[in-house]
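Okay, so here's the structure we're looking at.
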Amino acid sequence: MRSAILSVKLLKTTLFVLFLFGPLKVFPQSVPLQHGFAHNDYFHPRPLLDALDNGFTYIEADVFLMDDELIVAHINPFFRGRKTLEALYLKPLAKRIAQHDGRIFEGYDTPVVLMIDIKTNAEDTYERLKPLLKNYSFMLSRCRNGVVTGGPVTVVLSGHKPY
């Protein structure tokens with residue numbers, strides 16, 4: 001009899017706790033990790049957003065120039081469809097900056113680094129990348145006359161870099 005009473009009390013306590021805390025939403029970590037590096041995060045359903053929701057401040061995107069589009073893929077872009085650098089990274093970064101008063105992370109003034117790893121011919125790929133990045137110059141760090149002005153995003157090129 002006593003164990004039945006304890007079981008009922010335990011059940012009531014459990015239901016009370018679930019009722020009390022059930023409606024609370026759980027959010028992923030949004031504390032910026034100063035040296036956190038997201039590599040091949042485009043294997044996730046929400047590549048950039050998954051990386052940022054987990055606090056990563058260095059994000060890599062491997063790009064291939066294919067049919068005049070910059071396709072994000074690690075090895076073969078053939079099956080990646082419309083998974084472009086702009087759609088997966090640049091547009092979402094611009095939207096996030098607009099939502100967070102010019103920052104990627106609330107209260108974090110250090111630029112997030114977007115490493116663009118060029119996998120195809122350096123010059124051709126860069127010729128396509130250059131005007132695309134110009135469209136997003138409002139959010140990018142820049143260097144003029146040897147003076148670096150930090151923006152919310154710093155782009156670093158790697159891989160087959162153009163001369």
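Atoms considered below: every heavy atom in the structure, side chains included; atoms not considered: hydrogens, waters and symmetry mates.
- Between Leu85 and Leu129 the shortest side-chain heavy-atom distance falls below 4.5 Å.
- Between Leu70 and Leu65 there is a side-chain heavy-atom pair separated by less than 4.5 Å.
- Looking at heavy atoms from C-beta onward, Val156 lies out of side-chain contact with Ile116 at the 4.5 angstrom threshold.
- In this structure, the separation between CE on Met115 and CG on Asp62 is 10.0 Å, given to the nearest 0.5 Å.
- Counting only heavy atoms from C-beta outward, the side chains of Leu48 and Ile59 approach each other to under 4.5 Å.
- At a threshold of 4.5 Å between non-hydrogen side-chain atoms, the residues Tyr108 and Gln34 count as touching.
- Other residues, nucleotides and ligands place no more than 12 heavy atoms under 6.0 Å from the OH atom of Tyr58.
- The heavy-atom pair separating Glu86 from Pro92 by the smallest distance is O-CD, 3.8 Å.
- Leu93 has its side chain within reach of Ile104: a pair of non-hydrogen atoms, C-beta onward, lies under 4.5 Å apart.
- The list of salt bridge (Lys or Arg N to Asp or Glu O under 4.0 Å) pairs with a residue in residues 109-126, not counting sequence neighbours, reads Arg103-Asp109, Asp117-Lys119.
- Considering every non-hydrogen atom in both Ser137 and Arg142, the closest pair reads O-NH1, 3.0 Å.
- Closest of all the heavy-atom pairs between Phe105 and Leu52 is CE2-O, 3.2 Å.
- Taking 4.5 Å as the limit, every side-chain heavy atom of Thr120 sits out of range of all side-chain heavy atoms of His160.
- The distance from atom CG of Asn121 to atom OH of Tyr126, rounded to the nearest 0.5 Å, is 14.0 Å.
- Pairing each heavy atom of Glu60 with each of Tyr89, the nearest pair is O-OH, 3.8 Å.
- In this structure a side-chain-to-backbone donor-acceptor pair under 3.5 Å is missing from Thr154 to Pro111.
- The nearest pair of heavy atoms linking Ala94 to Phe138 is CB-CZ, 3.8 Å.
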